[in-house]
Amino acid sequence: MADLMSLILGIDPGSRVTGYGLVAVEGRQLVYVDSGCIRTEGAAMPERLGLIYAGIEELLSQHRPQWAAVEQVFMARNPDSALKLGQARGAAICAIVRAGVGVSEYGARQIKLAVVGYGNAAKTQIQEMVSRLLQLPRAPQADAADALATAICHIHHAATATRQAASVALSDQVTRR
């Protein structure tokens, strides 16, 4: 894990339920901070988007993460569902960018591979691995677990990128000698 970040906000966007999870990095240790869901059921779509934006904005203000990771839209069988999911992502990303926090995006398969080691992992497998990695007493709700997994995926990818950059820099130094 990389020391260059200390708190990551993961987001699993949804038009009815948007999961969030905050994971801190202390040295090489992942530490659970918070997780839950922003529920918008019953509201019309414009109001749902406003609730998602306001909920993410409140999380950012309260926790002040250094970075955010958001799950990308996958093309569902139902194009209307994919459009609504894209709008929910957009509301979350707008709140993040407006707060001046950097954003990374990861596909569902990429997240599952990083956390479970299998790109087609079931939701229950994600919940179980997130519980183990963060040493939680019980599995978080599915949307919150997906958001925590998104944050963990970012932490792993950032650590790999840091190691690769250090390796390239070392190689450049050796080459110059």
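What you see is a predicted model, and the numbers here were worked out from it, not measured in a lab.
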Give, for atom [atom1] of [X] and atom [atom2] of [Y], the distance between the pair rounded to the nearest 0.5 Å.
{"X": "Asn120", "Y": "Lys112", "atom1": "CG", "atom2": "NZ", "answer": "6.5 Å"}
{"X": "Gln87", "Y": "Ser15", "atom1": "CD", "atom2": "OG", "answer": "8.5 Å"}
{"X": "Ile52", "Y": "Arg39", "atom1": "CD1", "atom2": "CZ", "answer": "12.5 Å"}
{"X": "Met129", "Y": "Leu148", "atom1": "CE", "atom2": "CG", "answer": "13.0 Å"}
{"X": "Gln66", "Y": "Leu7", "atom1": "CD", "atom2": "CG", "answer": "5.5 Å"}
{"X": "Arg98", "Y": "Leu60", "atom1": "CZ", "atom2": "CG", "answer": "12.0 Å"}

Quick check: closest heavy atoms across [X] and [Y], and the distance to 0.1 Å?
{"X": "Gln127", "Y": "Pro140", "result": "NE2-O, 2.8 Å"}
{"X": "Leu113", "Y": "Gly119", "result": "CD1-N, 4.0 Å"}
{"X": "Gly102", "Y": "Ile96", "result": "O-CG2, 4.1 Å"}
{"X": "Ala114", "Y": "His156", "result": "O-CD2, 4.0 Å"}
{"X": "Ala69", "Y": "Thr150", "result": "O-CG2, 3.4 Å"}
{"X": "Val101", "Y": "Pro65", "result": "CG2-O, 3.9 Å"}

Do [X] and [Y] come within less than 4.5 Å of each other through their side chains, counting heavy atoms only?
{"X": "Val25", "Y": "Ser6", "value": "no"}
{"X": "Ile155", "Y": "Leu30", "value": "yes"}
{"X": "Tyr32", "Y": "Val23", "value": "no"}
{"X": "Ser131", "Y": "Arg138", "value": "no"}
{"X": "Ile8", "Y": "Leu22", "value": "no"}

Main-chain N/O of [Y] paired with [X] side-chain donor or acceptor, under 3.5 Å:
{"X": "Arg89", "Y": "Pro13", "answer": "no"}
{"X": "Thr40", "Y": "Leu49", "answer": "no"}
{"X": "Gln125", "Y": "Ala122", "answer": "yes"}
{"X": "Glu41", "Y": "Arg16", "answer": "no"}
{"X": "Glu105", "Y": "Val70", "answer": "no"}
{"X": "Lys123", "Y": "Ala142", "answer": "no"}
{"X": "Gln141", "Y": "Ala144", "answer": "yes"}

Any residue meeting ring-ring contact (aromatic ring centres under 6.0 Å, His included) with Tyr106, in chain and number order, not counting sequence neighbours: His154, His157
Name of the residue among Thr18, Asp146, Ile38 meeting side-chain contact (heavy atoms from CB on, under 4.5 Å) with Ile11: Thr18
Within 6.0 Å of CD in Glu58, more than 12 heavy atoms from elsewhere: no
Stepwise side-chain contact (heavy atoms from CB on, under 4.5 Å) test for Tyr53 and Cys94: CA-CA 7 Å; Tyr53 182 93; Cys94 284; 4.0 Å; yes
Derivation and outcome, side-chain contact (heavy atoms from CB on, under 4.5 Å), residues Trp67 and Leu9: CA-CA 6 Å; Trp67 204 264; Leu9 170 63; over 6 Å; no
Criterion side-chain contact (heavy atoms from CB on, under 4.5 Å) on Gln62 and Glu57, from CA distance to verdict: CA-CA 9 Å; Gln62 180 181 0; Glu57 190 175 52; over 6 Å; no
